[in-house]
Amino acid sequence: MDLAVVLVLCLSCLLLLSLWKQSSGKGKLPPGPTPLPILGNILQLDVKNISKSLTNLSKVYGPVFTVYFGMKPIVVLHGYEAVKEALIDLGEEFSGRGMFPLAERANIVNGILFSNGKTWKEIRRFSLMTLRNFGMGKRSIEDRVQEEACCLVEELRKTNEFDSVFGLPNFAPSLLDFDNKFV
């Protein structure tokens with residue numbers, strides 16, 4: 001009997017601690033449905049049709065609300081106006097990226113994929129500048145290849161030299177010469 005009382009007392013303490021932890025962090029978050037300890041709001045959502053569940057919650061709590069997935073709070077922006085305000089009007093405040101626990105555990109927090117904040121902005125700026133120096137944003141190689149392929153087809157139509165497959169290898173080196181057309 002003493003073991004059962006201790007077990008119930010420990011579970012009650014864990015439940016109260018969980019409720020206190022959730023309620024202490026709510027001051028900064030938008031309103032939302034009251035989460036269950038440890039489970040969060042997962043039982044209040046239809047997992048098979050989550051968009052309909054979130055639409056119903058937005059009708060009750062407005063376009064910005066908080067849903068708990070387990071112990072983790074998730075802020076939901078529902079509707080075009082809410083997303084536009086967050087990403088365009090308040091872009092600087094919402095420019096941060098989420099944390100990647102697996103990447104942090106593996107100590108891969110640098111680079112363009114997993115960095116955040118000022119480091120991410122610097123790496124992004126450097127990467128874009130380097131890619132532009134290599135030709136990104138300029139006339140692409142695909143356009144040049146298509147133009148050269150059209151010129152090749154026209155040259156092939158003009159000559160009768162390519163009636164057999166044996167003449168094709170003699171013409172192949174001129175395909176690589178982009179500037180001097182088939183000389």
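All figures in this text were calculated on a predicted structure; none of them were measured in a lab.
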Trainee: Rounded to the nearest 0.5 Å, what's the gap from CZ on Arg124 to OG1 on Thr119? Could you check?
Mentor: 14.5 Å

Trainee: Let me see the working for Lys158 and Glu155 under salt bridge (charged side-chain N to carboxylate O under 4.0 Å, His left out), right down to the final yes or no.
Mentor: CA-CA 5 Å; Lys158 290 179 186 175; Glu155 288 295 320; 3.7 Å; yes

Trainee: Answer with yes or no whether the hydrophobic clustering places Leu90 together with Ile88; edges join I, L, V, M, F, W, Y residues whose side-chain heavy atoms lie under 4.5 Å apart.
Mentor: no

Trainee: How long is the straight-line distance from OG of Ser58 back to CG of Leu77, given to the nearest 0.5 Å?
Mentor: 11.5 Å

Trainee: To the closest 0.5 Å, what do you measure between CG (Leu54) and CG (Asn49)?
Mentor: 9.5 Å

Trainee: Could you measure the distance from the CG atom of Leu87 to the CD atom of Glu85? Nearest 0.5 Å is fine.
Mentor: 10.5 Å

Trainee: Has the side chain of Ser53 got a donor or acceptor atom that lies under 3.5 Å from a matching backbone atom of Asp46?
Mentor: yes

Trainee: Work out which heavy atom in Thr34 is nearest to a heavy atom in Gln44; give both atom names and the distance.
Mentor: O-NE2, 3.4 Å

Trainee: Is Glu122 salt-bridged to Arg125, going by a charged N under 4.0 Å from an acidic O?
Mentor: no

Trainee: Using the rule given for side-chain contact (heavy atoms from CB on, under 4.5 Å), can you reason through Asn41 versus Leu36, listing the C-alpha separation, both sets of side-chain angles and the distance that settles it, and then say yes or no?
Mentor: CA-CA 6 Å; Asn41 297 112; Leu36 296 172; over 6 Å; no

Trainee: Walk me through whether Val64 and Val76 qualify under side-chain contact (heavy atoms from CB on, under 4.5 Å).
Mentor: CA-CA 6 Å; Val64 180; Val76 178; over 6 Å; no

Trainee: Walk me through whether Val60 and Asn56 qualify under side-chain contact (heavy atoms from CB on, under 4.5 Å).
Mentor: CA-CA 7 Å; Val60 175; Asn56 291 338; over 6 Å; no

Trainee: Looking at Pro30 and Phe65, what are the two nearest heavy atoms and their distance?
Mentor: CB-CA, 4.1 Å

Trainee: What heavy-atom pair brings Pro63 and Ala82 nearest, and what distance separates the two atoms?
Mentor: CB-CB, 3.9 Å

Trainee: Thr66 side chain to Ile74 main-chain N or O, any donor-acceptor pair under 3.5 Å?
Mentor: no

Trainee: Would Leu29 and Tyr68 count as a side-chain contact (heavy atoms from CB on, under 4.5 Å) here? Give the steps.
Mentor: CA-CA 11 Å; Leu29 296 174; Tyr68 281 82; 3.7 Å; yes

Trainee: Establish whether Leu43 and Tyr61 are linked, either directly or via other cluster members, by ILVMFWY side-chain heavy-atom contacts under 4.5 Å.
Mentor: yes

Trainee: To the nearest 0.5 Å, how far apart are NE2 in His78 and NZ in Lys59?
Mentor: 8.5 Å

Trainee: May I ask you to say whether Lys84 pairs ionically with Glu81, meaning some side-chain N is under 4.0 Å from a carboxylate O?
Mentor: no

